[in-house]
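I have placed the structure first, in the form of structure tokens, so that the comments after it can refer back to it.
These numbers come from a predicted model, not from an experiment. The chain is numbered in sequence order, starting from 1.
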Amino acid sequence: QVQLVESGGGLVQAGGSLRLSCAASERTFSNYVMGWFRQAPGKERQFVAVINWSGTSAYYRDSVNGRFTISRDNAKNMMWLQMNSLKPEDTAVYYCAANARWHSNWYEVYDMDYWGKGTLVNVSS
């Protein structure tokens with residue numbers, strides 16, 4: 001199975017920036033749609049951003065649109081989430097995920113094929 005490992009989380013002040021990384025073990029990395037999800041304490045996991053197989057198209061949650069940027073490099077089996085203008089409400093464990101197919105409604109997605117174990121982002125006010 002595909003192994004996904006997130007890194008780059010940590011403590012940052014509101015208004016600051018952070019870049020999360022996701023490293024994949026899969027040699028056919030380009031066969032997967034890649035995305036980021038997050039889960040705050042006591043809340044459901046929610047969609048953050050997704051990028052298509054080639055990295056030419058991306059889709060974002062409304063609340064992060066304009067602040068976050070998702071990217072990937074298939075030659076390196078890597079995906080990133082650049083987070084700018086961070087807010088305390090962005091505090092959560094962020095998960096890297098991979099899926100063979102594109103979903104029609106990413107706000108209701110739970111069934112990604114593979115998940116990382118998460119990295120904590122803590123935004124202080």
Side-chain angles (χ1 to χ4, degrees):
Q1 65 180 42
V2 178
Q3 293 182 351
L4 302 172
V5 180
E6 305 94 337
S7 63
L11 178 64
V12 64
Q13 293 182 352
S17 297
L18 208 60
R19 189 180 74 166
L20 305 183
S21 298
C22 174
S25 64
E26 177 59 55
R27 294 185 178 182
T28 56
F29 180 66
S30 62
N31 289 348
Y32 295 91
V33 174
M34 298 296 297
W36 290 96
F37 296 76
R38 67 189 183 186
Q39 187 168 23
K43 295 186 177 180
E44 296 291 326
R45 187 173 299 184
Q46 63 179 210
F47 160 75
V48 177
V50 67
I51 189 166
N52 73 344
W53 300 265
S54 62
T56 57
S57 182
Y59 179 68
Y60 299 89
R61 174 175 208 89
D62 288 346
S63 62
V64 309
N65 192 38
R67 298 189 297 122
F68 291 9
T69 302
I70 188 172
S71 60
R72 68 189 294 168
D73 186 337
N74 291 340
K76 298 180 179 179
N77 290 356
M78 292 286 293
M79 180 182 65
W80 299 271
L81 183 68
Q82 178 66 46
M83 303 183 293
N84 298 326
S85 301
L86 283 162
K87 304 175 181 180
E89 51 263 46
D90 294 319
T91 295
V93 175
Y94 282 70
Y95 297 90
C96 172
N99 204 64
R101 289 180 167 82
W102 188 269
H103 285 275
S104 59
N105 184 3
W106 288 101
Y107 283 84
E108 297 182 352
V109 168
Y110 76 95
D111 59 341
M112 299 290 280
D113 294 332
Y114 301 99
W115 295 89
K117 295 188 180 298
T119 184
L120 177 62
V121 172
N122 194 354
V123 184
S124 62
S125 61

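With values rounded to the nearest 0.5 angstrom, Y59 atom OH is found 9.0 Å from N65 atom CG. K87 contributes atom NZ, which lies 7.5 Å from atom OG of S63 (distance to the nearest 0.5 angstrom). Interatomic distance, CE of M34 versus CE of M112, reported as 7.5 Å (0.5 Å rounding). Rounded to the nearest 0.5 angstrom, S57 OG and W102 CH2 are separated by 5.0 Å.
For Q82, the CD atom is densely surrounded, since the number of other residues' heavy atoms within 6.0 Å is greater than 12.
Applying the side chain to side chain contact (heavy atoms under 4.5 Å, CB included) test to D113 and every residue at least two apart in sequence or in another chain returns Y32, N99, A100. N74 meets the side chain to side chain contact (heavy atoms under 4.5 Å, CB included) test with F29, S30, R72; sequence neighbours excluded. Not a single ring pair (Phe, Tyr, Trp, His ring centres under 6.0 Å) links W53 to another residue, sequence neighbours left out.
Between A49 and L81, the closest heavy-atom pair is CB-CD1, 4.3 Å.
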Atom pairs and distances, donor-acceptor, side-chain atoms in residues 9-23, under 3.5 Å, two or more places apart:
{"unit_1": "S17", "atom_1": "OG", "unit_2": "N84", "atom_2": "OD1", "d": "2.8"}
{"unit_1": "S21", "atom_1": "OG", "unit_2": "W80", "atom_2": "NE1", "d": "3.4"}

With a 3.5 Å cut-off and sequence neighbours excluded, list the donor-acceptor pairs that the side chains of residues 39-48 form with protein atoms.
{"unit_1": "Q39", "atom_1": "NE2", "unit_2": "K43", "atom_2": "O", "d": "3.0"}
{"unit_1": "Q46", "atom_1": "OE1", "unit_2": "R38", "atom_2": "NE", "d": "2.7"}
{"unit_1": "Q46", "atom_1": "OE1", "unit_2": "R38", "atom_2": "NH2", "d": "3.0"}

Start with the C-alpha gap between D90 and M83, add the side-chain angles, then the distance that decides, and say whether side-chain contact (heavy atoms from CB on, under 4.5 Å) holds. CA-CA 10 Å; D90 294 319; M83 303 183 293; 6.0 Å; no
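Linking Ile, Leu, Val, Met, Phe, Trp and Tyr residues whenever their side-chain heavy atoms come within less than 4.5 Å places V64 and V123 in a single cluster. In this structure, Y95 is a member of the same hydrophobic cluster as L120, with clusters built from ILVMFWY side-chain heavy atoms closer than 4.5 Å. In terms of hydrophobic clustering, with Ile, Leu, Val, Met, Phe, Trp and Tyr side chains grouped at heavy-atom distances under 4.5 Å, L4 and I70 are assigned to a common cluster. A continuous path of hydrophobic side-chain contacts links V93 to V50 [ILVMFWY only; heavy atoms under 4.5 Å].
Although no hydrogens or angles enter the test, the distance criterion places a donor-acceptor pair under 3.5 Å between the side chain of E6 and the main chain of C96.
Partner W115 forms a ring-ring contact (aromatic ring centres under 6.0 Å, His included) with one of Y110, Y94, W36, F37 and no other, that one being F37.
Evaluation of the disulfide (SG to SG under 2.5 Å) test over residues 50-92, restricted to residues two or more places apart or in two chains, returns none.
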